[in-house]
Number of protein chains: 2
Amino acid sequence: MKRSTKTEESAAPATAPELDAKDREILRHLQEHARISVTEIAARVHLSPTPVHERIRRLEESGVIRQYATLLDAQKLDQGLMVICYVSLKQHDKKAGLKFIQAINGLNEVVECYSISGEFDFMLKVRAKDMAGFYDFHVNRLSQVENLGHVQSVFVMGVIKDTHKIIF
Amino acid sequence: MKRSTKTEESAAPATAPELDAKDREILRHLQEHARISVTEIAARVHLSPTPVHERIRRLEESGVIRQYATLLDAQKLDQGLMVICYVSLKQHDKKAGLKFIQAINGLNEVVECYSISGEFDFMLKVRAKDMAGFYDFHVNRLSQVENLGHVQSVFVMGVIKDTHKIIF
DNA sequence: ACTGAAAGACACAGACT
DNA sequence: AGTCTGTGTCTTTCAGT
């Protein structure tokens, strides 16, 4: 194995990133085309492959690059339903919160989870095949989570924009 | 340029995917490690590189593979604030909706946008540097959008889980 | 659909500027 | 921190099965 694998590697050390203009250019290319070659990135940023290679290595190590991911079409994989679930907990102490976080990490249907301001404690982005699949998740998996208070669901009817692109 | 670039290529034709077990295995590897070599995927799925290469090409063409992306750390790029904005429109006719969608696509701070059920019409995921950055976006960019009714914002205080992983 | 071979491109490391 | 050079590996194509 020679080419970079990334992910599941060591946790990102908090070493100061200190990104210069070239680093940012490289990141902008990689952000949208993770599989292009170092040689091509080098050509686009007007550098030779060697320093680009070294810069990418540093960006991976410092954790600026989190993961090289392939984004798939959920519809074509029969996982076309997306639901936003708002969840409140019964108890809000630290221990109860950690247990909830653990439980959420065990639910594969939950692709994102955020701690939020407002009436509810958490927001979950859930993927399912269809309404029946979501119902099954709701009743048999989410509702089984300990310390769960209220759940309120908002259904996604259409995707207007779905990007991961960070502007910087 | 020889290696696959993906993205911005032709729109996905609606040709039936018809994925077999090997295709799904390949997708599962690519989903989390977009930069691993075809050779290594081949080894992991017990096939030679040639058919794996051809399968990946078909998956790209059919649109099952949407994009090869590099996921970056928003905090380290000084874009650590995430806000969920709920938006309702004043007018709901088709033309007004299309204009809104166009406007949203022009706002780089909006990384995701969904048409949703419930009280509001759309949900936006917005990224900004900090509160001042978000305020600037809210007042000078979002609020300038034509036909905008109410906006309600929920602030993300912590990221519990942030994945793109579709289970299939 | 897969195997095997073969050419060119690439990753990666080393010495040098 | 960059360029240049070399080696081994990989991608990609094309033959055959």
Side-chain angles (χ1 to χ4, degrees), chain A residues 1-10 13 15-71 76-77, chain B residues 1-10 13 15-71 76-77:
Chain A
M1 190 214 300
K2 278 299 171 66
R3 296 180 54 199
S4 176
T5 310
K6 196 71 279 252
T7 306
E8 94 214 328
E9 273 162 35
S10 55
T15 42
E18 287 288 349
L19 306 172
D20 67 11
K22 291 286 184 197
D23 285 327
R24 280 190 285 265
E25 269 190 84
I26 291 168
L27 287 173
R28 274 187 273 265
H29 282 102
L30 275 176
Q31 191 169 209
E32 307 235 53
H33 307 288
R35 270 181 87 83
I36 59 174
S37 69
V38 171
T39 308
E40 193 182 330
I41 299 170
R44 294 199 196 186
V45 303
H46 306 293
L47 236 54
S48 67
T50 314
V52 173
H53 191 268
E54 176 58 16
R55 279 164 181 270
I56 293 174
R57 198 199 58 74
R58 273 201 302 266
L59 290 165
E60 289 172 355
E61 200 177 30
S62 68
V64 176
I65 291 176
R66 282 172 49 216
Q67 187 181 5
Y68 297 114
T70 298
L71 306 184
K76 296 199 166 87
L77 292 167
Chain B
M1 191 213 300
K2 280 297 174 65
R3 296 180 54 201
S4 177
T5 309
K6 203 59 286 257
T7 305
E8 95 215 328
E9 271 162 36
S10 55
T15 42
E18 288 288 349
L19 307 172
D20 67 9
K22 291 286 183 195
D23 286 326
R24 279 190 284 266
E25 269 190 84
I26 291 167
L27 288 173
R28 274 188 273 265
H29 282 103
L30 276 176
Q31 190 169 208
E32 307 233 53
H33 307 287
R35 268 181 89 82
I36 58 173
S37 69
V38 172
T39 308
E40 193 182 330
I41 299 169
R44 294 200 195 185
V45 304
H46 306 293
L47 236 53
S48 65
T50 313
V52 173
H53 189 266
E54 176 58 17
R55 280 165 180 270
I56 292 174
R57 198 200 58 73
R58 272 200 302 268
L59 291 165
E60 289 172 356
E61 198 177 32
S62 68
V64 176
I65 290 176
R66 285 171 48 214
Q67 187 182 6
Y68 297 114
T70 298
L71 306 183
K76 297 201 165 87
L77 292 168

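Excluded from the calculations below are hydrogen atoms, water molecules and symmetry mates; all remaining heavy atoms, backbone and side chain alike, are included. Each chain gets a letter, A, B and so on, in the order its sequence line appears, and its residues count up from 1.
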- Is it true that a side-chain atom of A/Q67 and a backbone atom of B/E32 form a donor plus acceptor pair closer than 3.5 Å? yes

- To the nearest 0.5 Å, atom NZ of A/K76 lies from atom CZ of B/R66 at 10.0 Å

- Rounded to whole Å, the CG-P distance (A/L19 to D/dA1) equals 13 Å

- Message: With a cut-off of less than 4.0 Å, is there a side-chain N or O of B/R55 near OP1 or OP2 of C/dA1?
- Response: no

- Message: Suppose we screen for side-chain hydrogen bond (donor to acceptor under 3.5 Å, both in side chains). Which residues come up paired with B/R24, at least two apart in sequence or across chains?
- Response: none

- Got a second to check how far A/L30's CG is from A/E25's CD, nearest 0.5 Å? 12.0 Å

- Query: Do B/L59 and B/L19 have side chains that get closer than 4.5 Å, going by heavy atoms?
  - Reply: yes

- Message: Between C1' on C/dA1 and NZ on B/K22, what's the gap in Å once rounded to a whole number?
- Response: 12 Å

- Taking only residues two or more places apart in sequence, or in another chain, which ones meet A/R55 in a side chain to side chain contact (heavy atoms under 4.5 Å, CB included)? A/D20, A/K22, A/D23, A/I26, A/L47, A/R58

- With sequence neighbours left out, what residues match A/H29 under side chain to side chain contact (heavy atoms under 4.5 Å, CB included)? A/I36, A/R44, A/V45

- A/R35 CZ - C/dC10 P separation (whole Å): 14 Å

- Item | Nucleotide nearest B/P49 (side chain, heavy atoms from C-beta), chosen from D/dC10, D/dT3, D/dT12 | D/dT12

- Item | Of the listed nucleotides D/dA1, C/dA11, D/dC10, the one nearest the side chain of A/S37 | C/dA11

- Under 4.0 angstrom between B/R57 side-chain N/O and D/dT12 OP1 or OP2: no

- Roughly how many Å is it from CD in B/E54 to C1' in D/dT12, rounded to a whole number? 11 Å

- Message: What I'd like to find out is whether the side chain of B/I56 reaches to under 4.5 Å of the side chain of B/I41, using heavy atoms alone.
- Response: yes

- Query: A/L47 side chain: which of D/dT3, C/dA11, C/dA1 is closest?
  - Reply: D/dT3

- Query: Does the side chain of B/S48 get closer than 4.0 angstrom to OP1 or OP2 of C/dT3 through an N or O atom?
  - Reply: yes

- Query: Which ranges of DNA chain C pair up as stems, where a stem means three or more consecutive Watson-Crick or G-U pairs with both distances under 3.5 Å?
  - Reply: C:1-15 with D:3-17

- When rounded to whole Å, the CD1 to P distance for the pair B/I26 and C/dA1 reads 12 Å

- Task: Enter the distance from A/H53:NE2 to A/S37:OG here, rounded to the nearest 0.5 Å.
- Result: 11.0 Å

- Item | Length of the CD1-C1' vector between B/I56 and D/dC10, whole Å | 13 Å

- Message: Nearest to the side chain of A/P51, heavy atoms from C-beta on, is which of C/dA11, C/dC2, D/dT3?
- Response: D/dT3

Extract from the structure each pairing of a protein N or O with an N or O of nucleotides 13-17 of chain C at less than 3.5 Å, listing the distance.
none

- Measure from CZ on B/R44 to C1' on D/dC10 and round the result to the nearest Å. 16 Å

- Query: Does B/L27 reach the side chain of A/L77, with side-chain heavy atoms less than 4.5 Å apart?
  - Reply: yes

- Query: Given C/dA1, D/dT11, C/dC10, which nucleotide is nearest the side-chain atoms of A/T39?
  - Reply: C/dC10

